[in-house]
Amino acid sequence: MTVPTIEGEIAYIVPPSRLAEHLARAPNGAAAARSYRGEQEHALEVRTVRVSDVRADLDGPLSVADQIKARGWAVRRHASAHAGRVEDVRGIEAYLAECCDLVKAELGCSRVYTWNSTVRRADRRAPVPVTRQLAPETGVVPTARVQPPASFAHVDQEAAWAAVVVGRATGVDATTFKRSMIVNLWRPLKGPVTNSPLAMLDYRTLDPSDLHAVPDAYGVGLHVSFHPAQRWAYVRQQATDEVVFLKCYDSAQGANGDALVAAHVALEIGEQDMAGLKIGHMGPRESVEVRMIAVWQ
């Protein structure tokens, strides 16, 4: 079966090996495309890439666990009873509990802890400042600090920082567990998504040299530089009952051939996915993501 594809734009970090050349080509020594600031400024370059539509995988034969094992991420249908209530404390608490139950059921782990949640809207351009998180969030309503889409290819946590997060989330040393994993569950709050959809990188096409540790307000993340071998995917016109599981860390560190992480980004696709839709279905992408720690005793 032929998998449908589209072209989209992805912003990548410029690796140190090419940074001097990149800046020399840019007008007045500025970054040639865009830049972003974490604890320091980094140059970005925008590349046009071909992206596969994996909508068929929503109902495919592979389980969520098997998809994550193979490529670092999974897609699945899941109708939420609480995603429409994330704007108040009781609603977000119910949604967090629902997400934990879903991850536990799909991965077969012993327990799942929440770390934080984020709501993003494509019409928000300036990020809301945050302080580095030192403990699991409680009583936080994510709609009170709506963020823009994550506009450069990245992984949420670098391995050493991720182990710290596991310990802080669970209250015990991360090495206590047989295995621990940080999972980000991503869901549209409105659908179908026609702009800034989430794109996921197949880990099997990612070279370790394309990952670069960068400190930021959230801790230490991994940012991705471009390589033509990389293969990206998304779910066309993703709906509110269609979710993406992203592996951000795995203490197993590739044992048994498991994918290590799922790099992801907001994909810029213009109006390609708006064909055939009514105007009312073309609003800015709005999504919620929940970061959780799954542990195996």
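The shown structure was predicted, so the numbers you read here are calculated from the model rather than taken from an experiment.
- Residues R71 and M200 are not in side-chain contact: their nearest non-hydrogen atoms beyond the backbone lie 4.5 Å or more apart.
- A perpendicular orientation is assigned to the rings of H223 and H154, their planes being inclined by more than 60° (bins at 30° and 60°).
- Of all non-hydrogen atoms in D216 and G221, the two that sit nearest each other are OD2-N, 4.3 Å.
- Applying the 6.0 Å contact sphere to CD of E271 captures no more than 12 heavy atoms from other residues, nucleotides or ligands.
- Figure legend: cation-pi geometry between R132 and W161, with NZ or CZ positioned under 6.0 Å from the six-membered ring centre and within 45° of its axis.
- Annotation: the span from L201 atom CG to I10 atom CD1 amounts to 8.0 Å, rounded to 0.5 Å.
- Judged purely by distance below 3.5 Å, without hydrogens or angles, the side chains of Y95 and R187 pair a donor atom with an acceptor atom.
- Put simply, OG1 on T240 and CG on L189 are 8.5 Å apart, with the number rounded to the nearest 0.5 Å.
- Looking only at distances, no side-chain donor or acceptor of R231 sits under 3.5 Å from a matching main-chain atom of S52.
- Within the 4.5 Å cutoff, side-chain heavy atoms of S117 are placed close to those of V290.
- With rounding to the nearest 0.5 angstrom, the CZ atom of R76 is 8.0 Å from the CG atom of L62.
- Listed by first then second residue, pairs satisfying side-chain hydrogen bond (donor to acceptor under 3.5 Å, both in side chains) with a partner in residues 163-173 read D173-T175, not counting sequence neighbours.
- Classification of R204 and D202 as a salt-bridged pair holds, one side-chain N sitting under 4.0 Å from a carboxylate O.
- Taking the charged nitrogens against the carboxylate oxygens, D273 and R285 have no contact shorter than 4.0 Å, which rules out a salt bridge.
- Between the CG atom of D156 and the NE2 atom of H264 there is a distance of 4.0 Å, given to the nearest 0.5 Å.
- Using a 4.5 Å cut-off on side-chain heavy atoms (C-beta onward), I6 and D53 make no contact.
- Not one N or O on the side chain of Q238 forms a donor-acceptor pair closer than 3.5 Å with the backbone of P197.
- Using a 4.5 Å heavy-atom threshold, the side chains of W73 and V54 count as touching.
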Indicate every side-chain donor-acceptor pair of residues 107-115 with a distance under 3.5 Å to a residue at least two apart or in another chain.
unit_1, atom_1, unit_2, atom_2, d
S110, OG, Q297, N, 2.9
R111, NH1, Y113, OH, 3.3

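- Formation of a donor-acceptor pair under 3.5 Å by the E106 side chain with backbone atoms of A65 is not found in this model.
- With a 6.0 Å radius and a threshold of 12 heavy atoms from other residues, nucleotides or ligands, R90 has its CZ atom at or below the threshold.
- Nearest heavy-atom pair across R236 and Q272 is NH2-O, 4.1 Å.
- By the side-chain contact (heavy atoms from CB on, under 4.5 Å) test, H227 is found to be paired with D210, A229, Q230, residues two or more places apart in sequence or in another chain being considered.
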